[in-house]
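Some notes on the structure that comes next.
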Amino acid sequence: MGWRSSLTVLCLALALTGCANPSIWASDQDIATASYREPGPTRITLLTMLRSETGTGAHSALVVDDGTQRLLFDPAGGWFHPAAPERNDVLFGMNPTLYGFYLQWHARETHHVVAQEVLLPPEQARFVAQRIQEIGPVPKANCSRSISELLGELPQFSDLPVTWFPEKTMENLARYDGIRTYEIWDNDDEG
C-alpha cells in the first residue's frame, strides 16, 4: 500500500473515531440498586419516535423485559435521568415512573411514539438483553440500523431488512404476526 493509501486509511479511521459516542459505564452497585423487573411475560418493545406532521422517523429504541430486569436500549439517544444508570446506550432500572418519563420526553406536540410489543420466549429475551449490552455505544444516526440488525438475529425476524430509517424498521416489524401496537401522544405544548 502506498503512502497516499495509508494516509487515506488513517484519516478515515480518525474520522470514524470521532463519530463514536463516548463510553458511559455505570457501576455494578448503581445498576444493582436501580434494578427493576416488570411483571408479566418476557418481551421486547420497539419504540419509534415519529414527527407527527410528516410521519417520518426521528429515533428508535428497544425495551427488553427478560424476566429478571427491564432494560432500555437507547442507541445514540440523548435521554438521561440520574435514577437510570447507563452503560453504553443501555439504561437500567426502567421502572414505570422512569419509563413514563422517557416516553413523555419523546411524545410532545411535534412527535409521538409508536410502541410495538412482541412476546418472546425467556431464552430469546435474555439473548436480546445480553446483545444490547455487548453492542457498545452506537454512533449518531445509527439507532434504527443497530436495532434492525439486532432484531434480525432472532429466528422469527431473520429476514427483517436492516435500515437506517426508524419508520422503515417500524413498518417492517409490523408485517410479522403477534405484534401488539399502541401509540403515545402528548399534545401539551407547555413542556
Side-chain angles (χ1 to χ4, degrees), residues 8-24 43-65 70-80 84 86-91 94 99 102-118 120 124-125 127-186:
T8 302
V9 170
L10 177 63
C11 289
L12 181 59
L14 289 173
L16 290 176
T17 301
C19 293
N21 283 344
S23 178
I24 298 172
R43 61 195 172 275
I44 58 173
T45 306
L46 174 65
L47 301 175
T48 305
M49 292 51 151
L50 298 172
R51 291 171 187 87
S52 297
E53 191 172 298
T54 64
T56 57
H59 186 55
S60 296
L62 189 68
V63 179
V64 182
D65 290 295
R70 172 184 275 168
L71 305 172
L72 172 65
F73 182 43
D74 191 28
W79 186 80
F80 167 80
E86 179 182 348
R87 280 190 178 168
N88 293 334
D89 292 340
V90 177
L91 297 154
M94 294 303 293
Y99 189 35
Y102 181 84
L103 293 173
Q104 285 178 331
W105 194 71
H106 286 90
R108 51 192 184 273
E109 185 178 4
T110 58
H111 293 74
H112 66 281
V113 179
V114 175
Q116 294 169 291
E117 183 182 271
V118 182
L120 292 181
Q124 284 188 341
F127 168 79
V128 174
Q130 176 185 343
R131 285 291 295 124
I132 63 174
Q133 294 177 68
E134 294 170 348
I135 291 173
V138 175
K140 296 292 182 199
N142 280 261
C143 57
S144 188
R145 184 200 53 78
S146 65
I147 289 173
S148 57
E149 275 183 3
L150 171 61
L151 292 176
E153 295 180 35
L154 296 172
Q156 63 269 47
F157 304 126
S158 62
D159 60 345
L160 183 81
V162 174
T163 178
W164 293 79
F165 304 102
E167 72 276 12
K168 292 297 181 194
T169 299
M170 177 191 73
E171 292 166 4
N172 292 335
L173 188 63
R175 296 180 318 189
Y176 295 90
D177 293 332
I179 309 293
R180 184 175 85 89
T181 303
Y182 54 97
E183 297 183 0
I184 299 99
W185 291 80
D186 183 358

Q) What do you reckon, is CZ of Phe165 surrounded by more than 12 foreign heavy atoms closer than 6.0 Å? A) no
Q) Any donor and acceptor pair, going by atom type alone, linking the side chain of Asp89 with main-chain N or O of Ala76 inside 3.5 Å? A) yes
Q: Verify, without hydrogens or angle tests, whether Asn142 (side chain) and Lys140 (backbone) share a donor-acceptor contact under 3.5 angstrom.
A: yes
Q) Under the side chain to side chain donor-acceptor pair (under 3.5 Å) test, which residues partner Trp164, sequence neighbours left out? A) none
Q) If you look at every heavy atom in Leu173 and Ile179, which pair is closest and at what distance? A) O-CG1, 3.6 Å
Q) Which atom names give the shortest non-hydrogen contact between Gln133 and Ala129, and what distance separates them? A) NE2-O, 3.0 Å
Q.
Keeping Gln124 on the side-chain end and Leu154 on the backbone end, is there a donor-acceptor pair under 3.5 Å?
A. no
Q | Leu120 side chain near Phe127 side chain, heavy-atom distance below 4.5 Å | A | no
Q.
Any side-chain to backbone donor/acceptor pair from Tyr176 onto Leu160? Under 3.5 Å, distance only.
A. yes
Q. Are Asn88 and Ile135 close enough that some pair of their side-chain heavy atoms sits under 4.5 Å apart?
A. no
Q | Closest non-hydrogen atom pair, Ser52 against His112 | A | OG-ND1, 3.0 Å
Q: Give a yes or no on whether a salt bridge exists between Arg108 and Asp186, defined as a side-chain N under 4.0 angstrom from a carboxylate O.
A: no
Q | Criterion side chain to side chain contact (heavy atoms under 4.5 Å, CB included) against Ile44, the qualifying member of Asp65, Leu151, Val63 | A | Leu151
**Q.** Glu134, CD: over 12 other non-hydrogen atoms inside 6.0 angstrom
**A.** yes
**Q.** Derivation of the side-chain hydrogen bond (donor to acceptor under 3.5 Å, both in side chains) call for Ser60 and Thr169
**A.** CA-CA 8 Å; Ser60 296; Thr169 299; 5.1 Å; no
Q) How far apart are the closest heavy atoms of Met94 and Ala84, and which atoms are they? A) SD-CB, 4.1 Å
Q) Among Ile147, Leu103, Asp74, which residue meets the side chain to side chain contact (heavy atoms under 4.5 Å, CB included) test with Leu47? A) Leu103
Q. Donor-acceptor pair, Arg180 side chain versus Gln116 backbone, under 3.5 Å?
A. no
